A.B. asks: 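Dropping a structure here in structure tokens format, bear with me for questions.
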Amino acid sequence: MKIDVILGLQWGDEGKGKIVDYLSEQYDVVARFQGGPNAGHTLHLNGHRYVLHTIPSGIFRPHIINLIGSGVVLDPVVLRRELEQLDRNGVDYRHRLLLARKAHLILPTHRWLDMASEAHKGQAKIGSTLKGIGPTYMDKTGRNGLRLGDIEQPDFRERYEMLKQKHLEILRLYPPVAFDIESAEAEWFDSLEILRKLPFVDSEYYVNDALNSGKRVLAEGAQGAMLDLDFGTYPYVTSSHTITAGVCVGLGLAPQRIGRVIGIFKAYCTRVGSGPFPTELTDALGEQLRQAGQEFGSTTGRPRRCGWLDVPQLHYTVQLTGATELCMTKLDVLGMLNEIAVATHYRYQGTQTDRLPYDLCQVDVEPVLKKYTSWKNDLKGVRSFDHLPVAARAYVEEVEALVGIPIRMVSIGPSREQLLTRVSLLA
Ligand code: GDP
Ligand code: IMO
Ligand code: MG
């Protein structure tokens with residue numbers, strides 16, 4: 001068997017969680033392969049709203065094994081809170097949530113380093129989620145990190161103390177950040193004890209064995225391809241590989257194991273945090289889009305920046321991820337506006353192009369916009385693609401033609417049933 005992949009094609013928050021939950025019915029295993037508690041994946045089920053940060057979005061389907069893979073960075077305190085959310089709602093995860101021993105641990109000091117680094121950058125800050133993601137991946141690549149499997153080793157406490165001391169020394173070089181080390185540390189170690197009760201696995205063996213024995217595995221991406229460490233809008237990116245290649249390094253799979261790659265994108269664009277955003281609307285229309293789409297961060301609550309769909313950007317991330325099919329989310333939101341636009345090209349340095357420049361941070365690109373009339377209808381009750389208003393269908397078909405990849409699913413609301421599959425396009 002091959003592993004199928006779901007990932008975001010924009011700057012995150014495309015609605016990946018909802019789509020993973022929906023599609024996971026057809027799978028045996030759902031695995032996160034990168035990122036950590038910077039992610040916020042929202043699911044609306046039976047009138048409840050759940051936000052998952054570290055736990056894969058297959059957890060609400062009782063038959064599914066959920067794996068937190070080795071490429072993930074894990075904060076025991078955040079994961080413990082997520083488990084408590086599941087406990088409160090009667091979701092039994094105990095034998096269905098597996099943790100990779102090779103996943104790196106986010107220490108309390110990593111979070112403070114993240115805060116200090118951002119404070120030090122001032123105006124130039126990344127706008128990170130302050131969850132300690134950057135410093136943890138830095139320790140991983142610097143070969144200083146602690147992994148979940150290390151808690152089973154006798155020298156764990158000693159190694160923790162060494163790393164903590166090192167962090168405290170670095171923190172002295174930064175503007176001061178307020179923290180209470182004793183209580184944070186106590187909570188962190190208590191949370192580790194809770195995690196110890198869950199099954200730990202060598203995830204590279206687990207996933208390869210699962211595929212070899214005919215199990216269907218779905219990889220769940222976090223963030224989006226424009227936040228990829230190498231190919232995103234560097235330095236305004238996250239510290240992991242959010243593209244399909246990240247599945248291989250984050251789960252220990254060879255490239256030929258990759259099957260379908262389902263790219264998720266919103267019918268418009270959003271971004272939270274700093275960095276370039278060519279189609280951003282900084283005017284009243286942007287605010288209207290933010291209110292209509294309820295664009296506020298699932299992890300930090302920050303208002304998301306909003307703008308039009310960006311076709312050159314989508315071309316770029318379709319290429320990087322090898323997306324074989326697309327899912328457009330939040331189409332319903334555009335029905336609340338009077339007019340809609342899509343950037344088909346960019347204009348910069350006197351030329352028109354459909355390629356991204358070397359450094360979007362340094363070049364002002366002007367989007368070339370194509371306008372569409374809005375359907376001005378509420379789509380929330382529509383249950384088949386063919387029953388969408390003509391203008392809404394035309395929008396999807398136009399975007400599909402511009403991007404050149406089939407849009408197999410269209411989401412028209414936050415809940416599971418508000419998803420239209422284009423049956424005519426099914427292989
Ligand atoms: P993720 O990080 O990619 O999983 O996305 P988030 O959960 O951070 O943000 C997506 C938001 O849009 C969540 O609040 C979802 O409940 C909501 N959502 C998902 N799909 C749709 C849709 O088709 N229409 C509307 N109106 N909301 C949606
Ligand atoms: P999901 O999985 C949207 C953004 C942050 C910041 C940059 C770096 O829910 O789509 P980090 O904390 O990773 O060092 O922040 O990346 N960011 C996200 N934006 N959705 C996310 O995840 C994000 N995770 C990180 O806002 O700009
Ligand atoms: Mg999110």
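Atom set for the values below is all heavy atoms of this structure, side chains included, hydrogens, waters and symmetry mates excluded. Counting convention: from 1, in listed order, for ligands and their atoms alike. It should be emphasised that the depicted structure is a prediction, and the values quoted were computed from it without experimental measurement.
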A.B. asks: Verify whether one side chain among Glu287 and Gln291 offers a donor that lies under 3.5 Å from an acceptor in the other.
C.D. replies: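 A pair is found: one side chain offers a donor N or O, the other an acceptor, under 3.5 Å apart.
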A.B. asks: Would you call Arg81 and Glu187 a salt bridge, taking side-chain N to carboxylate O under 4.0 Å as the test?
C.D. replies: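 A salt bridge is present here (some side-chain N lies under 4.0 Å from a carboxylate O).
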A.B. asks: Drop me the distance from Glu417's CD to His44's NE2, to the nearest 0.5 angstrom.
C.D. replies: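 Those atoms lie 11.5 Å apart.
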A.B. asks: Distance alone, cut at 3.5 Å: any donor-acceptor contact between the side chains of Thr299 and Thr129?
C.D. replies: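 Note: Thr299 and Thr129 side chains miss the donor-acceptor criterion.
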A.B. asks: Near the Mg ion (ligand 3), is there an N/O/S atom from Gly40 that is less than 2.8 Å away?
C.D. replies: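 Coordinating: yes.
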A.B. asks: Calculate, to the nearest 0.5 Å, the distance between atoms CG and OG1 belonging to Leu7 and Thr321 respectively.
C.D. replies: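 These two atoms lie 5.5 Å from each other.
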A.B. asks: To the nearest 0.5 Å, what is the distance between CZ (Phe179) and CG (Leu171)?
C.D. replies: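 The distance works out to 5.0 Å.
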A.B. asks: Could you measure the distance from the CD atom of Glu204 to the CG atom of Leu251? Nearest 0.5 Å is fine.
C.D. replies: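 Going from CD on Glu204 over to CG on Leu251, the span is 9.5 Å.
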A.B. asks: What does the 4.0 Å heavy-atom contact list look like for ligand 2?
C.D. replies: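 Its neighbours under 4.0 Å (heavy atoms only) are Trp11, Gly12, Asp13, Lys16, Asn38, Ala39, Gly40, His41, Ile126, Gly127, Ser128, Thr129, Ile133, Ala222, Gln223, Leu227, Val237, Thr238, Val272, Gly273, Arg302, given by chain and number.
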A.B. asks: List by chain and number: which residues place a heavy atom under 4.0 Å from ligand 1?
C.D. replies: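 Under the 4.0 Å cut-off, ligand 1 touches Asp13, Glu14, Gly15, Lys16, Gly17, Lys18, Gly40, His41, Thr42, His44, Ser298, Arg304, Lys330, Asp332, Val333, Ser411, Ile412, Gly413, Pro414.
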A.B. asks: Nearest N/O/S atom of Asp13 with respect to the Mg ion (ligand 3), by atom name, please.
C.D. replies: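 When I compare the N, O and S atoms of Asp13, OD1 is nearest to the Mg ion (ligand 3).
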A.B. asks: If only side-chain N and O atoms count, and only distance matters, is there a donor-acceptor pair under 3.5 Å linking Glu82 with Tyr93?
C.D. replies: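 Per modelled atom types, Tyr93 and Glu82 side chains form no pair under 3.5 Å.
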A.B. asks: Regarding Ser57 and Glu220, do their side chains bring together a donor and an acceptor under 3.5 Å, going by distance alone?
C.D. replies: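 Note: Ser57 and Glu220 side chains meet the donor-acceptor criterion.
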A.B. asks: Regarding Asp139 and His110, is there a side-chain donor-to-acceptor distance under 3.5 Å anywhere?
C.D. replies: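 Their side chains do contain a donor-acceptor pair, which is all the 3.5 Å distance test asks for.
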